[in-house]
Amino acid sequence: MMKVSRGFPRYQFVIAGTSHLPQKLYYQIMDGYDVKLLTGQTYAILQAADAGLITSGTASLETALFHVPQLVMYKASEVSYQIARRLVKLDFISIANLVFKKEVFKEFIQRDCTVNMVVKELSRLLEDEAYRSDMLQKYELLEDKLGGSGASQRAAERMVKMVKPFPDT
């Protein structure tokens, strides 16, 4: 991700850091790159972002719900990747692509996760308005599939109604 930033001098790259990791770790990775670190401000970063280089998991779903065009990157040790590949049989690693059962945004995994491939795709995300628009329209559909605004609150309320109180002991 750091190397990709060098291909886009007109853009400011920002890492959405977590307070659970030492800042020293971030600064070691960022050394020599024109990248900023903001800790505990993920949603503010997403609100301001033109595009995102995202790791797999809930981060990709959050990014989609903020309507930020993205690509997902994941690279592990070859041994870890081979073990996971044999244990987990999924067509995609990002939640939004799993929900749609098709690729809404590109996933760059292991050998496909190269600087050249990511730079090419990020350029497309930033410059191809039709491509961006298509992705953003799919994000609208994703929200509908997930229940729209307030879905978490409605789900929590239903769960509370389903739980029967324990009898007095």
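Starting from 1, each residue takes its place in the sequence as its number.
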Handout entry: More than 12 heavy atoms of other groups within 6.0 Å of Y131 OH
Key = yes

Problem - Side-chain H-bond candidate by donor/acceptor type, H67 with E143, under 3.5 Å - result: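 There is such a pair between these side chains.
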
Handout entry: No-hydrogen, no-angle side-chain donor-acceptor test under 3.5 Å, Q110 and Y74
Key =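 Short answer, no.
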
Problem - Common cluster, I45/Y27, ILVMFWY with side-chain heavy-atom separation under 4.5 Å - result: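 Unlinked, I45 and Y27 end up in two clusters.
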
Practice task
Find out if a path of hydrophobic residues (ILVMFWY) with successive side-chain heavy-atom gaps under 4.5 Å connects V115 to M30.
Solution key: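 Yes, same cluster.
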
Minimum-distance pair of heavy atoms, taken over all atoms of [X] and [Y]:
X: S60; Y: V72; result: CB-CG2, 3.8 Å
X: Q70; Y: I54; result: OE1-CG1, 3.5 Å
X: A51; Y: L126; result: CB-CD2, 3.8 Å

When rounded to the nearest 0.5 angstrom, what distance separates [atom1] in [X] from [atom2] in [Y]?
X: M73; Y: L122; atom1: CE; atom2: CG; answer: 9.5 Å
X: D50; Y: Q12; atom1: CG; atom2: CD; answer: 11.5 Å
X: L46; Y: Q41; atom1: CG; atom2: CD; answer: 11.5 Å
X: K3; Y: N116; atom1: NZ; atom2: CG; answer: 10.5 Å
X: Y26; Y: T39; atom1: OH; atom2: OG1; answer: 6.0 Å

What I'd like to find out is whether the side chain of [X] reaches to under 4.5 Å of the side chain of [Y], using heavy atoms alone.
X: L71; Y: E107; result: no
X: K75; Y: T114; result: no
X: V14; Y: L37; result: no
X: F66; Y: L61; result: no
X: F105; Y: L125; result: no
X: D91; Y: K101; result: no
X: L65; Y: Y139; result: no
X: E129; Y: R132; result: yes

I'd like to know if [X] and [Y] make a salt bridge, using a cut-off of under 4.0 Å between side-chain N and carboxylate O.
X: E103; Y: K106; answer: yes
X: E140; Y: K145; answer: no
X: K138; Y: D134; answer: yes

Practice task
Could you label the plane-to-plane angle of the F13 and F8 rings as parallel, tilted or perpendicular, counting under 30° as parallel and over 60° as perpendicular?
Solution key: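 Rings of F13 and F8: tilted, as their planes differ by 30° to 60°.
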
Exercise for the section: Please confirm whether the backbone N or O of F92 pairs with a side-chain atom of N97, one donor and one acceptor, at under 3.5 Å? Expected result: no

Practice task
For Q28 and L25, run side chain to side chain contact (heavy atoms under 4.5 Å, CB included): C-alpha distance rounded to whole Å, both residues' side-chain angles, the deciding distance at 0.1 Å, then the answer.
Solution key: CA-CA 5 Å; Q28 289 172 344; L25 175 67; 4.3 Å; yes

Practice task
Apply side chain to side chain contact (heavy atoms under 4.5 Å, CB included) to the pair L38 and I15, showing each step before the final yes or no.
Solution key: CA-CA 6 Å; L38 295 176; I15 295 174; over 6 Å; no

